[in-house]
Amino acid sequence: MANLVNLQRISLKNHPEIKENLIQKFIFEHPESLGLGELTPIQREKIQPLGGRLDILMGNVDNDARYEIEIQLGATDPSHIIRTIEYWDTEKKRYPQYDHCAVIVAEEITGRFMNVISLFNGNIPLIALQLSAYKVGDDISLAFTKVMDRVTLGTDEEDEYEVTDRNYWENRSTKKIMKDVDDIFNALEKYTSGYELKYNKFYVGLAKNGVAKNFISFKPKKSFLHLFFKTNENPELSAKIEDAGLDVTYESRWKQYRVKLSGFSDYKKHEALIQECVQVAMDYFNISEI
């Protein structure tokens with residue numbers, strides 16, 4: 001019979017052996033411990049052009065996300081906050097093709113931290129994780145709790161992403177994948193009639209009479225494409241898509257599902273289910289079929 005026991009929480013800041021570089025190494029080798037999805041470690045102690053070193057840089061290949069992670073043993077302080085935001089801003093300017101998010105990891109997320117962050121009014125995508133350490137025999141167990149998730153202002157219809165053209169996407173992906181996008185768009189004519197593909201820098205969306213209305217959108221890759229559809233997360237719908245054998249992720253930041261398709265053949269194989277998803281997205285936008 002299992003027994004319930006109290007864990008002994010310890011302070012890493014005052015620990016004689018555990019230093020920040022060991023925490024960095026652990027997170028870099030175990031990115032799943034942060035609870036931010038399937039992250040890929042990119043670099044530790046990345047030197048910044050204007051001085052300083054970013055603790056950890058991680059990415060997510062599937063959605064072109066980059067995470068600038070700073071670690072603070074003990075409580076957050078103003079210099080730590082500013083340093084994290086500076087590194088995020090530097091990386092964002094140097095690599096604008098990615099979706100960047102600042103991440104602060106600290107043993108204590110203080111009320112002052114929350115007050116400072118509120119001044120930015122959601123204009124800086126930032127995640128705060130509280131690091132808790134517990135003594136388990138001779139070992140130390142780490143736990144990461146999300147205290148604050150990133151806040152996003154505006155919607156896709158109000159975005160200011162740079163407009164591109166078809167040639168941009170044929171070079172970024174392939175002509176074959178772009179034809180698959182065309183074929184899927186045309187096969188969804190029941191839902192997309194009156195719309196046209198709108199080529200943006202980070203995705204291919206929809207527009208009607210020149211106005212964006214991205215109830216669905218596409219992100220073409222070299223050998224596959226992602227189909228996105230907007231709606232609230234629905235466990236039953238998620239299970240239905242997963243049971244069909246499709247690779248699906250719900251992106252809560254954007255309130256959308258991301259479904260991976262190898263191409264038009266994948267769409268034809270799951271046509272009824274994908275059309276159901278598109279209808280769900282139209283209902284979410286309160287759009288009637290043409």
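Because the structure is a prediction, the values reported are computed rather than measured. Reckoned from all heavy atoms, side chains included, excluding hydrogens, waters and symmetry mates.
Cluster membership for Leu129 and Leu131, using ILVMFWY side-chain heavy atoms within less than 4.5 angstrom, is shared. Leu237 and Phe215 fall within a single hydrophobic cluster, where Ile, Leu, Val, Met, Phe, Trp and Tyr side chains are chained together by heavy-atom contacts under 4.5 Å. Transitive grouping of hydrophobic side chains (ILVMFWY, heavy atoms separated by less than 4.5 Å) keeps Tyr134 and Ile18 in distinct clusters. Residues Tyr87 and Ile104 fall into different hydrophobic clusters, defined by Ile, Leu, Val, Met, Phe, Trp and Tyr side chains chained together at heavy-atom separations under 4.5 Å. A continuous path of Ile, Leu, Val, Met, Phe, Trp and Tyr side chains, each step under 4.5 Å between heavy atoms, connects Leu261 with Val248, placing both in one hydrophobic cluster.
A 6.0 Å sphere centred on NZ of Lys175 holds no more than 12 heavy atoms belonging to other residues, nucleotides or ligands. By the 6.0 Å contact criterion, CD on Glu32 is enclosed, its count of non-hydrogen atoms from other residues, nucleotides or ligands being greater than 12. In Lys46, the NZ atom is crowded: over 12 heavy atoms of neighbouring residues, nucleotides or ligands sit closer than 6.0 Å. Within 6.0 Å of atom NZ in Lys135, more than 12 heavy atoms from other residues, nucleotides or ligands are found, so the atom counts as buried in its surroundings.
Lys230 places a side-chain N or O within donor-acceptor distance of the main-chain N or O of Trp254, the cut-off being under 3.5 Å. In terms of modelled atom types and a separation under 3.5 Å, the side chain of Glu107 and the main chain of Gly74 share a donor-acceptor contact.
The side-chain heavy atoms of Cys277 and Ile241, taken from C-beta on, include a pair separated by under 4.5 Å. Inter-residue side-chain proximity for Tyr250 and Lys255 is flagged as met; some heavy-atom pair is nearer than 4.5 Å. Using a 4.5 Å heavy-atom threshold, the side chains of Lys219 and Lys221 count as touching. Side chains of Thr164 and Lys201 form a contact here, defined as non-hydrogen atoms less than 4.5 Å apart. At least one side-chain heavy atom of His80 sits under 4.5 Å from a side-chain heavy atom of Thr84. Contact annotation: the side chain of His15 approaches that of Ile140 to within less than 4.5 Å [non-hydrogen atoms, C-beta and beyond]. You'll find the side chain of Val259 stays beyond 4.5 Å of the side chain of Ile274, heavy atoms only. Asn232 has its side chain out of reach of Asn234: every pair of non-hydrogen atoms, C-beta onward, lies at least 4.5 Å apart.
Atom CD in Glu45 sits 8.0 Å away from atom CG in Asn21 (nearest 0.5 Å). Interatomic distance, Ser132 OG to Arg9 CZ, rounded to the nearest 0.5 Å: 3.5 Å. Rounding to the nearest 0.5 angstrom, the gap separating the CZ atom in Arg44 from the CD atom in Glu29 is 7.5 Å. The NZ atom of Lys268 sits 10.0 Å away from atom CG of Asp183, with the distance rounded to the nearest 0.5 Å. Phe185 CZ to Ile216 CD1: the interatomic distance, rounded to the nearest 0.5 Å, is 7.5 Å. Distance check: Leu34 CG to Thr145 OG1 gives 11.5 Å after rounding to the nearest 0.5 Å.
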Let's go through Ile184 and Phe218 carefully: what are the C-alpha distance in whole Å and the side-chain angles of both, what is the deciding distance for side chain to side chain contact (heavy atoms under 4.5 Å, CB included) to 0.1 Å, and is it a yes or a no?
CA-CA 10 Å; Ile184 294 172; Phe218 305 86; 3.9 Å; yes

Is there a side chain to side chain contact (heavy atoms under 4.5 Å, CB included) between Leu142 and Ile23 once you walk through the steps?
CA-CA 9 Å; Leu142 302 180; Ile23 304 300; 4.0 Å; yes

Could you walk me through whether Trp169 and Val204 pass the side chain to side chain contact (heavy atoms under 4.5 Å, CB included) test, one step at a time?
CA-CA 9 Å; Trp169 277 102; Val204 178; 3.8 Å; yes

Does the pair Gln256 and Thr231 meet the rule for a side chain to side chain contact (heavy atoms under 4.5 Å, CB included), with working shown?
CA-CA 6 Å; Gln256 66 184 8; Thr231 189; over 6 Å; no

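The side chain to side chain contact (heavy atoms under 4.5 Å, CB included) test with Val103 is passed by exactly one of Ile69, Asp55, Ile56, Leu126: Ile69.
Listed here is the closest heavy atom pair of Leu225 and Gly263: CD2-CA, 4.5 Å. Taking both residues in full, the closest heavy atoms of Ile71 and Glu20 are given as O-OE1, 3.4 Å, listed atom of the first, atom of the second, then distance. The two residues Asp180 and Ser262 have their closest heavy-atom pair at OD2-O, 4.3 Å. Here the closest non-hydrogen pair linking Gln130 and Glu108 is OE1-CA, 4.1 Å. Listed here is the closest heavy atom pair of Asn214 and Phe285: O-CZ, 4.0 Å. Closest approach of Leu36 to Lys146, counting heavy atoms only: CD2-CE, 3.8 Å.
Residues forming a side chain to side chain donor-acceptor pair (under 3.5 Å) with Tyr267 (at least two apart in sequence, or on another chain): Glu271, Gln275. Residues passing the side chain to side chain donor-acceptor pair (under 3.5 Å) test with Gln48 are Glu91, sequence neighbours excluded. Take His30 and apply the ring-ring contact (aromatic ring centres under 6.0 Å, His included) test, not counting sequence neighbours, and it matches Phe26. With sequence neighbours excluded, the residues satisfying side chain to side chain donor-acceptor pair (under 3.5 Å) with Asp89 are Lys93. With sequence neighbours excluded, no residue forms a salt bridge (Lys or Arg N to Asp or Glu O under 4.0 Å) with Lys222.
Cation-pi check for Lys208 over Tyr195 is met; the charged atom lies under 6.0 angstrom from the ring centroid and within 45 degrees of its normal. Phe224 carries Lys260 over the face of its six-membered ring, with the cationic atom under 6.0 Å from the centre and within 45° of the normal.
For the pair Glu70 and Arg83, the salt-bridge criterion is met [side-chain N within less than 4.0 Å of a carboxylate O].
Between Phe229 and Tyr257, the angle of the ring planes stays under 30°, which puts this pair in the parallel group of the 30/60° scheme.
Through chains of ILVMFWY side-chain contacts below 4.5 Å, Tyr98 is grouped with Tyr95.
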